[in-house]
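Shown next, in structure tokens, is the structure this report addresses.
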Amino acid sequence: LRPNKNIVLPIVNIMLRVMDFDVKNINLYIDNKDEFYKSFLVAKYHNKWALENFIDTLIDNIIYSYVVYGGVFLRKTENATPEVINLRTLAFANQKNILNNPFCILHSYSFAKLKKEAKKRGWGEASKGATIDIDSLIILAKKEEKTEIELYEVHGDMPQEWLRDNSVDTDEEDEDVPQMQVVAFYKKENGQSQGVTLFSSREPELNFKFLSRDEVEGRSVGRGGVEELFEAQIWTNWDEIKLTEMLDGAAKTLFASDDPFFKQNNDLNNVKNNQVLSIQQGSKLEQINTYPRNLAMFNDSVERWQVQ
């Protein structure tokens, strides 16, 4: 009796289709009349380059995050294609300005995936500030009967003494410096949580960008498409609940009688078709009208919320 008429999903799907564009919709040209002839070559090879680097998938991921969550968070990579950070994987971040404050991305890796990522990124190497190697961390995780390991990737200005590469500058000893830390946790025998470092290094350039949709004052993330539909979804569900209650009442077949026999034997389920029932003289037996007269009004309310 708690129905949910999902109006969010179909409307968000429309938003995504309206915002969507393909690589073929990108029109590249040389903004110079003397070299405009090169535009043909640029446009021709751009499509090939975009296909090889999965730019179409990148566009889809950017639009999905932008529309659904109200912003898109990008990281520059070694490849041509940036990485779209899922905003739901942010373990912590400043609510007013993400990039100007430390933020943390939560990763969840299987053992095999972790080894592959660690080899590519240099995690677990003592020369890069690690206090434990990957194999030892996996052994500790297996003791806890885990099948995945959670890593916390932190970026931002943090105390210089947190760096483990012996590059502390005495002139900046008390200053916060831009750095990247990758840490994990395991439980000791006494049940306490123990942190370990897998990577620790300075980060002079922050290779992230953030774009918000429908900017909201005092908030990092813009107004998302789903957020816009909160009230409409709440009140649509309220209407649907009332409709269900009315239909539940209308589904019941009720009778009223002042005949003493029917008062004592009020179950008509065993009555056969065309059976003659005897009613005392002066008594009556009639069906109660349970028609839901307000049904149209609630249906209209549901439709108006969806139109809005």
Side-chain angles (χ1 to χ4, degrees), residues 4-91 93 97-99 103 105-110 113 116-117 120-121 153 155 205-217 219-233 236 303 305-308:
N4 171 55
K5 181 178 181 178
N6 192 333
I7 67 170
V8 173
L9 183 59
I11 296 176
V12 167
N13 284 337
I14 292 173
M15 292 185 199
L16 294 174
R17 289 198 294 271
V18 170
M19 290 285 296
D20 192 25
F21 63 96
D22 296 321
V23 171
K24 64 183 179 181
N25 301 128
I26 300 174
N27 183 23
L28 295 179
Y29 60 92
I30 307 299
D31 192 14
N32 184 319
K33 63 179 182 179
D34 296 328
E35 297 184 346
F36 188 75
Y37 66 93
K38 295 180 181 178
S39 299
F40 172 76
L41 296 175
V42 171
K44 178 180 178 180
Y45 287 103
H46 172 262
N47 289 342
K48 180 182 178 183
W49 170 87
L51 184 63
E52 293 173 348
N53 290 280
F54 305 101
I55 301 300
D56 52 344
T57 302
L58 171 68
I59 293 171
D60 292 340
N61 292 338
I62 287 175
I63 290 175
Y64 182 85
S65 179
Y66 184 79
V67 168
V68 175
Y69 299 126
V72 57
F73 199 20
L74 292 168
R75 184 215 305 258
K76 184 180 179 181
T77 65
E78 297 177 354
N79 303 320
T81 310
E83 176 189 1
V84 180
I85 305 296
N86 187 341
L87 291 174
R88 298 179 68 183
T89 64
L90 288 177
N97 194 316
I98 293 179
L99 295 180
F103 60 89
I105 303 170
L106 173 62
H107 301 280
S108 184
Y109 292 121
S110 65
K113 179 68 174 178
K116 183 178 179 180
E117 288 293 321
K120 181 172 66 175
R121 305 190 185 193
E153 178 185 340
H155 298 264
E205 181 183 2
L206 191 63
N207 293 322
F208 291 85
K209 285 189 176 182
F210 183 80
L211 176 66
S212 61
R213 170 188 181 269
D214 291 347
E215 293 186 7
V216 180
E217 185 177 356
R219 200 174 78 174
S220 292
V221 181
R223 186 179 295 105
V226 175
E227 182 183 1
E228 290 178 343
L229 295 166
F230 280 173
E231 286 297 316
Q233 182 65 74
T236 297
E303 184 178 348
W305 274 113
Q306 190 157 354
V307 168
Q308 179 176 335

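Every value quoted in this text rests on a predicted model; they were computed, and no experiment measured them.
Heavy-atom minimum distance, Ile98 versus Ser220: N-OG, 3.3 Å. Ser39 and Ile30 get closest at one heavy-atom pair: OG-N, 2.8 Å.
With sequence neighbours left out, Tyr109 forms a side-chain contact (heavy atoms from CB on, under 4.5 Å) with His107, Lys113, Leu114, Glu117, Arg121, Trp123, Leu151. Applying the salt bridge (charged side-chain N to carboxylate O under 4.0 Å, His left out) test to Glu35 and every residue at least two apart in sequence or in another chain returns Lys38.
Although no hydrogens or angles enter the test, the distance criterion places no donor-acceptor pair under 3.5 Å between the side chain of Glu215 and the main chain of Val221.
Around CG of Asn32, the count of heavy atoms belonging to other residues, nucleotides or ligands within 6.0 Å exceeds 12.
Listed by first and then second residue, the salt bridge (Lys or Arg N to Asp or Glu O under 4.0 Å) pairs involving residues 67-85 are Arg75-Glu83, Arg75-Glu153 (not counting sequence neighbours).
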Expected list for residues 45-71: side-chain donor-acceptor pairs under 3.5 angstrom, two or more places apart:
{"unit_1": "Asn53", "atom_1": "ND2", "unit_2": "Trp49", "atom_2": "O", "d": "2.8"}
{"unit_1": "Asn61", "atom_1": "ND2", "unit_2": "Thr57", "atom_2": "O", "d": "3.4"}
{"unit_1": "Ser65", "atom_1": "OG", "unit_2": "Gly71", "atom_2": "O", "d": "2.6"}

Only pairs under 3.5 Å count here: list side-chain donor-acceptor contacts from residues 206-214, not counting sequence neighbours, and write none if there are none.
{"unit_1": "Arg213", "atom_1": "NH1", "unit_2": "Arg223", "atom_2": "O", "d": "2.6"}

Donor-acceptor pairs under 3.5 angstrom involving side-chain atoms of residues 9-29: please list them, not counting sequence neighbours.
{"unit_1": "Asn13", "atom_1": "ND2", "unit_2": "Leu9", "atom_2": "O", "d": "3.3"}
{"unit_1": "Asn25", "atom_1": "OD1", "unit_2": "Asp22", "atom_2": "N", "d": "2.7"}

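The CD1 atom of Ile105 sits 6.5 Å away from the CG atom of Leu90 when rounded to the nearest 0.5 Å.
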